[in-house]
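Have a look at the structure below before the remarks.
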Amino acid sequence: QVQLVESGGGLAQAGGSLRLSCAASGRTFSNYFMGWFRQAPGKEREFAAAISWGGGITNYGDSVKGRFTISKDNAKNTVYLQMNDLKPEDTAVYYCAADNTRAKVSTTPAHWGQGTRVTVSS
């Protein structure tokens with residue numbers, strides 16, 4: 001059973017930075033794709049970023065491209081989302097996700113974490 005546990009959320013000021021972490025456990029992730037989604041109050045869940053576990057292939061949602069960076073530490077089974085130049089509209093609950101197909105990790109991943117809240121003040 002796949003378990004994903006996010007951490008690192010909190011309060012930041014506009015223009016500031018935060019780094020989210022997602023610790024993965026429960027199986028071998030060498031063939032998995034990992035992703036981050038976010039859901040702002042009153043809005044639908046939105047794809048933010050994804051990375052392949054082994055090959056370092058990444059892709060980003062348009063709203064975060066150029067400001068957020070996804071990375072991974074295979075030894076720690078952990079995926080990170082470095083968020084820079086934060087804006088109030090980045091306020092959301094951020095979810096870690098995993099799937100063994102590249103197409104699904106950015107759309108309908110099979111596995112989800114519980115989420116971590118990020119609040120950006122102006």
Side-chain angles (χ1 to χ4, degrees):
Q1 184 173 352
V2 173
Q3 288 187 318
L4 305 172
V5 180
E6 303 96 335
S7 61
L11 179 64
Q13 291 188 333
S17 299
L18 281 175
R19 189 178 77 157
L20 305 182
S21 300
C22 172
S25 62
R27 66 172 302 138
T28 301
F29 289 92
S30 59
N31 294 322
Y32 266 66
F33 291 83
M34 305 295 294
W36 287 94
F37 285 72
R38 66 184 188 179
Q39 187 165 19
K43 295 188 177 181
E44 293 187 355
R45 196 168 292 189
E46 173 190 32
F47 169 71
I51 188 168
S52 62
W53 195 261
I57 300 169
T58 60
N59 64 303
Y60 296 90
D62 289 341
S63 59
V64 307
K65 200 173 294 184
R67 298 187 299 122
F68 291 10
T69 303
I70 189 170
S71 62
K72 57 182 173 54
D73 183 333
N74 290 352
K76 296 181 179 179
N77 266 10
T78 299
V79 178
Y80 304 97
L81 185 67
Q82 178 66 43
M83 306 186 295
N84 296 330
D85 190 23
L86 284 164
K87 304 176 180 180
E89 50 264 43
D90 293 320
T91 295
V93 177
Y94 284 73
Y95 297 90
C96 182
D99 201 280
N100 59 5
T101 63
R102 183 179 180 180
K104 284 190 175 181
V105 75
S106 60
T107 56
T108 54
H111 307 286
W112 294 90
Q114 293 298 307
T116 185
R117 186 174 300 275
V118 171
T119 302
V120 183
S121 62
S122 58

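- Listed by first and then second residue, the disulfide bond (SG atoms under 2.5 Å apart) pairs that reach into residues 59-91 come to none, sequence neighbours excluded.
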Acceptor/donor pairs from residues 96-111 side chains to any protein atom, 3.5 angstrom cut, sequence neighbours excluded:
residue	atom	partner	partner atom	Å
D99	OD1	T101	N	3.0
D99	OD1	T101	OG1	3.0
D99	OD2	A110	N	2.9
T101	OG1	K104	N	3.4
T107	OG1	A103	O	3.0
T107	OG1	K104	O	3.4

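- No more than 12 heavy atoms of other residues, nucleotides or ligands lie within 6.0 Å of CG in N31, so this atom counts as exposed by the packing criterion.
- Checked by atom type and distance alone, the side chain of T116 never pairs as donor or acceptor with a backbone atom of S7 at under 3.5 Å.
- Expressed to the nearest 0.5 Å, how far CD1 of I57 lies from CD1 of I51 amounts to 9.5 Å.
- Listed by first then second residue, pairs satisfying ring-ring contact (aromatic ring centres under 6.0 Å, His included) with a partner in residues 62-91 number zero, not counting sequence neighbours.
- Among residues at least two apart or in separate chains, there is no salt bridge (charged side-chain N to carboxylate O under 4.0 Å, His left out) pair with a member in residues 112-122.
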Show me, pair by pair, the donor-acceptor contacts under 3.5 angstrom made by side chains of residues 9-24, not counting sequence neighbours?
residue	atom	partner	partner atom	Å
S17	OG	N84	OD1	2.9

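- Under the salt bridge (charged side-chain N to carboxylate O under 4.0 Å, His left out) criterion, D90 pairs with R38, R67, sequence neighbours left out.
- Legend: residues meeting ring pair (Phe, Tyr, Trp, His ring centres under 6.0 Å) with F37, ordered by chain and number and at least two apart, are F47, W112.
- The CG atom of L81 lies 12.0 Å from the CE atom of M34; values are rounded to the nearest 0.5 Å.
- Note on V2 and V79: same hydrophobic cluster, where clusters join Ile, Leu, Val, Met, Phe, Trp and Tyr whose side-chain heavy atoms are under 4.5 Å apart, directly or indirectly.
- The salt bridge (charged side-chain N to carboxylate O under 4.0 Å, His left out) test applied to K65 returns D62, not counting sequence neighbours.
- Under the side chain to side chain contact (heavy atoms under 4.5 Å, CB included) criterion, N74 pairs with W53, K72, sequence neighbours left out.
- Interatomic distance, CD of E89 versus OG of S122, reported as 10.0 Å (0.5 Å rounding).
- Taking the side chain as every heavy atom from C-beta outward, Y94 and E6 never approach each other to under 4.5 Å.
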Show your reasoning for whether side chain to side chain contact (heavy atoms under 4.5 Å, CB included) applies to V64 and M83. CA-CA 8 Å; V64 307; M83 306 186 295; over 6 Å; no

Working note: L4 + Y95, criterion side chain to side chain contact (heavy atoms under 4.5 Å, CB included); need CA distance, chi angles, decisive distance, verdict. CA-CA 9 Å; L4 305 172; Y95 297 90; over 6 Å; no

